[in-house]
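As structure tokens, the structure follows; a few thoughts come after it.
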There are 2 protein chains.
Amino acid sequence: MNKPRLSESQEDYLKEIYKLEELNGRVGMQDLAKRLDVRPASVTGMVKKLVQVQLVEHEPYKGVRLTDVGEKIALEVLRHHRLLELYLANHLNYTWDEIHEEAERLEHVISEKFEAAIAELMDHPTHDPHGDPIPSADLKIPETPDLKPVSSLKAGSFSTIRRVMTQDKDILNMLSRLNLIVNRDIQVAGKDSSGVRLKVDEQQYFLPLSIANFIFVECDS
Amino acid sequence: MNKPRLSESQEDYLKEIYKLEELNGRVGMQDLAKRLDVRPASVTGMVKKLVQVQLVEHEPYKGVRLTDVGEKIALEVLRHHRLLELYLANHLNYTWDEIHEEAERLEHVISEKFEAAIAELMDHPTHDPHGDPIPSADLKIPETPDLKPVSSLKAGSFSTIRRVMTQDKDILNMLSRLNLIVNRDIQVAGKDSSGVRLKVDEQQYFLPLSIANFIFVECDS
DNA sequence: CATTAATATTAGTTTCAACTAAATATATTA
DNA sequence: TAATATATTTAGTTGAAACTAATATTAATG
């Protein structure tokens, strides 16, 4: 019941497994290797260790899955990461493109005390600057309304940006310069096979599909 | 001229060498081993590497010394550490005894951006909560007035606490509970061979020499 | 269903920073 | 100065976590 102490590497594995599980359902060694920027052979090795300590289950050629304990730990790391991102943005004037990298390093290193302190300071937020949900202190994912990519909306529809699922710095920079950030109300002014034309505060912007696919919105009722 | 990228271990070595150099003049393998909680043989190994990359000079059986570049790096780490301590205390409500450990981990991990952000936020402070000087952005040590241990004062003399040179948590806790913190004005009410009696805001406290020796004050002119 | 392509694993190596045990060099002092 | 104590180094090991190259397994397709 008492937590094993994990290496940063191990935490990263659990975190990535969690995110891939959430995204694809099943997680192959390959995918993991790609996300962690590591060779498949290395993944085999590490997964073996994580299976040993029962943080992960592995059915060869089928995929990897977190155990309950593994998921808990992944959520802790994710909580650290997302709280940090919000904290850096809100309290240290980081820009959208800068927060990820810094949080990536800090997440493994801050104490429970630090976590609690910034959570408190920010009044226990539920979403980070990208719109990603922040697991609560007891590691539940906050309820989030159904979202769809802007690219899926009909021309004319109104909605609110709720999540931006890219960490490409150039894209993030460009979006924030255009004020296309989380919680912004937008209208789809037009669309074709190559992308979407958005209207925001009298301004119009064209977003190619490659970007529009990763901007998720809540539709106005 | 471009900085080599160092491991956390290496940064710790440089930092400790700096502190010991400042304290004792020369730094033996033994001392280093003690401070880093590592065996002497390990120190030999690491020092050899640091000599290779010219961050350190080593005269066997005489001692170790930082090169100019080595000192620069040590000061950077020290700056991180002390800025962090102050930040944790001032902005995240850490207590005196909690700041060291957290800073010890964070110091290796924060970016220049982070450093600059908190320095700016705190208006470029010159001393951390222990009274230790914070190297400036260009790595100069701020001028500090001459300090002496309270234990060296005559009974009756007035002074101001400027530095508390222990990281023992229990002592730090007790001192802060008694309000014997940096920048506090105190009077030596009496002394004998076993310690000092202090008067602070109508309160009187007795400090054994073992503690009084590490509380440094600036004497009233 | 046999072959190919995709996926995963093994075995052995590397690097880093520690370790132990044993050897050696210097310093102290009797 | 010789003997002893202290300080330092050497040589070899360990444990993580990565790597490469080669091999093996499964899935997909013609």
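For clarity, every value in this text was computed on a predicted model and none was experimentally measured. Chain A is the first sequence line, chain B the second, and so forth, proteins listed ahead of strands; every chain is numbered from 1.
Note: CD (B:E59) to C1' (D:dT9) measures 17 Å, nearest angstrom. Note: CD (A:E11) to P (D:dA17) measures 11 Å, nearest angstrom.
We find the CE-CG distance between B:M174 and B:L180 to be 7.0 Å, quoted to the nearest 0.5 Å. Once rounded to the nearest 0.5 Å, the distance linking CD1 of B:I211 with CG of B:D168 reads 8.0 Å.
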B/S/- contact track for nucleotides 7-19 of chain C, protein heavy atom under 4.0 Å: BSBB------SSB
Review item, side-chain donor-acceptor pairs of residues 43-57 of chain B, under 3.5 Å, at least two apart:
{"from": "B:T44", "atom 1": "OG1", "to": "B:P40", "atom 2": "O", "distance (Å)": "3.3"}
{"from": "B:E57", "atom 1": "OE1", "to": "B:R65", "atom 2": "NH2", "distance (Å)": "3.0"}

I'd like a table of donor-acceptor pairs (distance under 3.5 Å, sequence neighbours excluded) in which one partner is a side-chain atom from residues 18-29 of chain B, with atom names and distances.
{"from": "B:E21", "atom 1": "OE1", "to": "B:L66", "atom 2": "N", "distance (Å)": "3.0"}
{"from": "B:R26", "atom 1": "NE", "to": "B:K62", "atom 2": "O", "distance (Å)": "2.9"}

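Residue pairs meeting the ring-ring contact (aromatic ring centres under 6.0 Å, His included) criterion with at least one member in residues 46-84 of chain A, sequence neighbours excluded, are A:H81-A:H100.
A heavy atom lying under 4.0 Å from DNA chain C marks none of the residues of residues 103-111 of chain A. Annotation: proximity of residues 18-26 of chain B to DNA chain C (heavy atom, distance under 4.0 Å) is found for no residue.
Considering all non-hydrogen atoms of both residues, A:K191 and A:S152 come closest at NZ-C, 4.0 Å. Residues A:D128 and A:H130 approach most closely at OD1-N, 2.8 Å, considering heavy atoms.
Using a 4.0 Å cut-off between charged nitrogen and carboxylate oxygen, B:D31 and B:K34 do not count as a salt-bridge pair. With respect to the salt-bridge test (charged N to carboxylate O, under 4.0 angstrom), the residues B:E107 and B:R82 do not qualify.
The side-chain tip of B:K113 points at the ring of A:Y94 from less than 6.0 angstrom away and within 45° of straight on.
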